[in-house]
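Below is one structure, written out as structure tokens; comments come after it.
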Amino acid sequence: MSTLSTHILDISTGKPAEGVTVHLQQDGNTLATGVTNAQGRIAAFIPSLPAGSYRLVAEIGEWFSETGRDTLYPCAQIDFVTGETADEHFHLPFVIAPGGWSTYRGS
């Protein structure tokens, strides 16, 4: 079983994105929902993540609106696959700005 964490950094300000709602989904079903803390982090979604295909969806459009900025993107999503390796940790951050977003596999 694997574990999963994320964080969101707004590179247009250089600050973490506090208060962004992020959903963990599988096959169109929401398995868990979290909200980023003051450091822009969600430390864990569920205690263990079985092998499979998943999607993280960050509701960045609402967050940008709440901070008084427009964005083209209502959400950012990361599709990923976990394998059978025991005790593997996936840290999948979002790097956002009003004009785009990106991701990478963190540690």
Side-chain angles (χ1 to χ4, degrees):
M1 300 276 191
S2 299
T3 56
L4 172 67
S5 62
T6 191
H7 76 267
I8 303 178
L9 176 66
D10 178 357
I11 60 169
S12 67
T13 63
K15 296 181 180 180
E18 179 181 6
V20 178
T21 300
V22 182
H23 308 282
L24 173 63
Q25 300 175 342
Q26 185 177 43
D27 299 325
N29 298 312
T30 299
L31 303 177
T33 297
V35 178
T36 57
N37 64 17
Q39 291 79 41
R41 296 184 178 276
I42 298 174
F45 280 90
I46 55 179
S48 59
L49 204 59
S53 297
Y54 298 91
R55 173 176 288 163
L56 276 181
V57 179
E59 302 292 339
I60 62 173
E62 181 179 321
W63 182 81
F64 277 119
S65 179
E66 290 172 0
T67 61
R69 296 177 287 163
D70 292 328
T71 181
L72 178 64
Y73 305 101
C75 65
Q77 69 183 40
I78 302 170
D79 294 325
F80 66 101
V81 178
T82 61
E84 298 293 336
T85 305
D87 300 324
E88 188 171 9
H89 180 72
F90 292 87
H91 182 69
L92 303 176
F94 293 88
V95 181
I96 65 170
W101 65 272
S102 183
T103 189
Y104 59 93
R105 182 168 181 186
S107 58

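One-based numbering along the sequence shown.
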* To do: For Tyr54 and Val81, run side-chain contact (heavy atoms from CB on, under 4.5 Å): C-alpha distance rounded to whole Å, both residues' side-chain angles, the deciding distance at 0.1 Å, then the answer.
  => CA-CA 6 Å; Tyr54 298 91; Val81 178; over 6 Å; no
Distance in Å, [X] [atom1] paired with [Y] [atom2], rounded so as to fall on 0.5 Å steps:
X      : Y     : atom1 : atom2 : answer
Trp101 : Tyr73 : CH2   : OH    : 9.0 Å
Glu18  : Arg41 : CD    : CZ    : 13.5 Å
Ser102 : Leu9  : OG    : CG    : 11.5 Å
Ile96  : Phe94 : CD1   : CZ    : 9.5 Å
Thr21  : Ile60 : OG1   : CD1   : 12.5 Å
Thr36  : Ile8  : OG1   : CD1   : 5.0 Å

* Asked: Going through the checks in order, is the side-chain contact (heavy atoms from CB on, under 4.5 Å) test met by Ser53 and Gln26?
  -> CA-CA 7 Å; Ser53 297; Gln26 185 177 43; 5.6 Å; no
* Ser65 (side chain) donor-acceptor with Gly61 (main chain) under 3.5 angstrom ->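 Answer holds: no.
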* For Asp79, enumerate each residue passing the side-chain hydrogen bond (donor to acceptor under 3.5 Å, both in side chains) test, keeping only those at least two apart in sequence or located in another chain. =>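 If we apply the side-chain hydrogen bond (donor to acceptor under 3.5 Å, both in side chains) test to Asp79, skipping adjacent residues, the hits are Arg55.
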* For Ser12, check side-chain hydrogen bond (donor to acceptor under 3.5 Å, both in side chains) against everything at least two apart and list the hits. => Asp10, Arg69
* Run the numbers on Val20 and Phe64 for side-chain contact (heavy atoms from CB on, under 4.5 Å), then give the verdict. => CA-CA 9 Å; Val20 178; Phe64 277 119; over 6 Å; no
* How would you list all residue pairs meeting ring-ring contact (aromatic ring centres under 6.0 Å, His included) that involve residues 3-25, not counting sequence neighbours? -> His7-His91
* **side-chain contact (heavy atoms from CB on, under 4.5 Å) assessment of Leu31 paired with Phe45** => CA-CA 9 Å; Leu31 303 177; Phe45 280 90; over 6 Å; no
* **Greater than 12 external heavy atoms within 6.0 Å of Gln77's CD** => yes
